[in-house]
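Quick notes on the structure that follows.
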2 protein chains.
Amino acid sequence: MALDNPTTQAAVTTADKVFEQMLHAIVEGTIKAGSKISEPELAKNYQISRSTLREALNRLEKCHLIERKANVGSRVVECSIAGLLEIYVVREALEGMACRQAAMNMTEDEIIEMQAMLKQHASAKALRDGVSYYQEEGDLDFHYKVILGSHNKQLINILCGQLYHLVRMYRCQFGMNSPRATKAFDEHSRIIEAIADRDGELAEMLMRRHIAASRKNIENKIAQQQ
Amino acid sequence: MALDNPTTQAAVTTADKVFEQMLHAIVEGTIKAGSKISEPELAKNYQISRSTLREALNRLEKCHLIERKANVGSRVVECSIAGLLEIYVVREALEGMACRQAAMNMTEDEIIEMQAMLKQHASAKALRDGVSYYQEEGDLDFHYKVILGSHNKQLINILCGQLYHLVRMYRCQFGMNSPRATKAFDEHSRIIEAIADRDGELAEMLMRRHIAASRKNIENKIAQQQ
DNA sequence: CTTGTTATTATTGTCGACAATACTTGGTTT
DNA sequence: AAACCAAGTATTGTCGACAATAATAACAAG
């Protein structure tokens with residue numbers, strides 16, 4: 001599926017496969033947020049040994065999707081508003097920097113590819129009901145490309161390897177299909193321009209505003225609901 | 001020991017203890033960077049089962065200190081100049097943001113405590129040979145306090161929980177006792193001022209410059225050596 | 001002599017059982 | 001009746017052995 005993470009490599013071992021299944025289950029809420037994880041029960045469900053289940057749990061912990069306490073057990077992380085805002089703060093910092101680095105380090109080919117992707121999104125947006133499509137896959141695709149374009153292993157690992165699973169979880173569980181789609185598209189467009197101009201400073205600033213705008217959009221929504 | 005990480009909680013299980021031992025061994029180079037890890041051999045060394053060794057290895061992987069490939073094994077990460085610079089880039093982004101958040105979220109008590117710490121560092125610096133002391137423990141203490149002051153769980157986890165082990169590893173292996181000690185002290189002083197003034201924007205900028213200066217210092221050193 | 005193939009060895013992944021710790025239930029005491 | 005203590009139950013941590021995969025060595029063919 002197109003949504004899949006660029007850092008995930010082919011699942012070869014059975015622990016890998018169980019990890020992926022549980023990843024989807026947690027992201028989509030099949031395994032409820034905040035629920036306790038029973039090792040014997042899950043091991044029976046997936047028809048595997050507890051050892052290999054624990055291996056899978058370790059990977060989930062690496063993504064900050066579950067939390068373990070010694071001699072007590074694992075819990076799926078809770079989805080709180082505060083937690084969501086914390087993630088946005090981290091994203092603003094990291095993706096902003098990733099964008100600056102992308103402006104410095106992206107190859108010409110990568111830039112061309114990204115521009116092509118944007119054009120494709122534009123037509124998709126015009127043709128279809130579009131909004132929801134762009135919001136979901138298109139937005140993630142764009143952010144992934146920028147992050148990978150930074151050519152910074154640490155940045156890529158933190159953002160794509162761990163943080164973005166949490167982002168997807170929040171999007172699923174809070175049912176976010178915000179009306180920012182068209183606005184977000186214009187912002188993406190300007191960011192790519194800055195990268196193509198090799199203007200790292202501007203690229204960082206635009207990306208930070210782009211993410212901060214999303215955060216404020218959430219904050220407003222929350223404020224309205226109350 | 002004072003250097004220890006604020007996020008590390010008491011090691012209760014044996015896997016925890018082995019993890020800590022290996023952590024120190026890798027950071028200090030007793031277990032060489034880039035070397036392959038033999039599970040049977042290490043299990044015998046620490047006199048534990050392979051299962052609990054693998055548990056420890058999983059935690060090391062979480063800190064990005066080792067890398068695993070399916071059906072092949074684990075290797076200690078390599079310490080390259082490029083890798084070091086990548087870490088500085090991430091720190092500039094994350095600690096800059098942490099500093100901004102600290103200016104917004106730190107309690108008055110925390111600020112007072114941090115000011116006291118700085119004063120203590122100042123006297124220690126004046127009295128002793130100082131330079132090396134301040135460089136090592138004092139610098140880390142300061143950065144830890146700012147990060148914790150952000151009150152952002154994600155930031156704290158990423159920085160204190162994973163990245164700083166790598167930072168310490170690089171400091172050990174590359175033998176860094178740079179002559180920036182006095183300059184760094186002044187920079188710390190100004191950063192605390194900005195936080196006390198609740199000026200998040202300035203605090204972030206100063207922290208970013210502080211870290212960028214360290215990075216450029218390294219870059220210059222490298223350039224000289226060649 | 002080099003290259004490709006096969007057999008052997010060693011390492012990693014997985015399993016089920018046991019030990020240690022935490023939770024629960026029932027009883028006792030104030 | 002409420003709070004504390006104790007025994008029993010369930011869950012997690014640890015262990016040693018087996019199965020599957022990868023690295024190595026020996027051998028054969030070109």
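The basis for the numbers below is simple: all heavy atoms, side chains too, and nothing from hydrogens, waters or symmetry mates.
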Return the value, rounded to whole Å, for the distance between atom [atom1] of [X] and atom [atom2] of [N].
X	N	atom1	atom2	value
Gln47(B)	dC15(D)	CD	P	11 Å
Leu42(B)	dT12(C)	CG	C1'	14 Å
Leu57(A)	dG13(D)	CG	P	10 Å
Lys44(A)	dC15(C)	NZ	P	15 Å
Asn58(A)	dG13(D)	CG	C1'	12 Å
Arg68(B)	dG13(C)	CZ	P	5 Å
Glu39(A)	dT21(C)	CD	P	17 Å

| task | Mind checking side chain to side chain donor-acceptor pair (under 3.5 Å) for Gln115(B) and listing every partner two or more places apart, or none if nothing turns up? | result |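 Partners of Gln115(B) by the side chain to side chain donor-acceptor pair (under 3.5 Å) criterion come out as none, since no residue qualifies.
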Which heavy atom of [X] sits nearest to which heavy atom of [Y], and what is that distance?
X	Y	value
Tyr144(A)	Cys160(A)	CD2-SG, 3.7 Å
Ala11(B)	Glu20(B)	CB-OE2, 3.5 Å
Gln101(A)	Ser150(A)	CB-CB, 3.8 Å

| said: Looking at dG13(C), I'd like to know if its phosphate oxygens (OP1 or OP2) sit under 4.0 Å from a side-chain N or O belonging to Thr14(A). | reply: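 The answer is no; no side-chain N or O of Thr14(A) sits under 4.0 Å from OP1 or OP2.
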| said: Below the 4.0 Å mark, does dT14(C) have OP1 or OP2 next to a side-chain nitrogen or oxygen of Thr13(A)? | reply: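 For dT14(C), OP1/OP2 do have a side-chain N/O of Thr13(A) under 4.0 Å.
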| query | Between Ala70(A) and Asp16(A), which has a closest nucleotide on DNA chain C that is more 5'? | reply |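 Nearest nucleotide further toward 5': that of Asp16(A).
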| said: Within the 4.0 Å heavy-atom criterion, would you say Ile37(A) contacts the bases, only the backbone, or no part of the nucleic acid? | reply: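 Contact class for Ile37(A): sugar-phosphate only.
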| message | Please give me every residue in residues 48-56 of chain A whose heavy atoms get under 4.0 Å of an atom in DNA chain D, ordered by residue number. | response |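 Arg50(A), Arg54(A) - these, ordered by number, are the residues of the stretch whose heavy atoms sit under 4.0 Å from the strand.
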| Salt-bridge contact Arg215(A)-Glu95(A) (side-chain N to carboxylate O under 4.0 Å) |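 Result for this pair is no, no salt bridge flagged.
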| request: Salt-bridge test for Glu61(A) and Lys62(B): reply yes if a basic N is under 4.0 Å from a carboxylate O, no otherwise. | output: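 Salt bridge present between Glu61(A) and Lys62(B).
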| request: Could you pick out which residue, Lys36(A) or Val72(B), lies toward the 5' side of DNA chain D when each is mapped onto its nearest nucleotide? | output: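 Its nearest nucleotide being more 5', the pick is Lys36(A).
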| message | Are His165(B) and His64(B) an aromatic pair, judged by ring center distance below 6.0 Å? | response |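 Between His64(B) and His165(B), the centre distance exceeds or equals 6.0 Å.
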| query | Which one, dG13(C), dT11(C), dT12(D), comes nearest to the side chain of Asn71(A)? | reply |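 Selected nucleotide: dT12(D).
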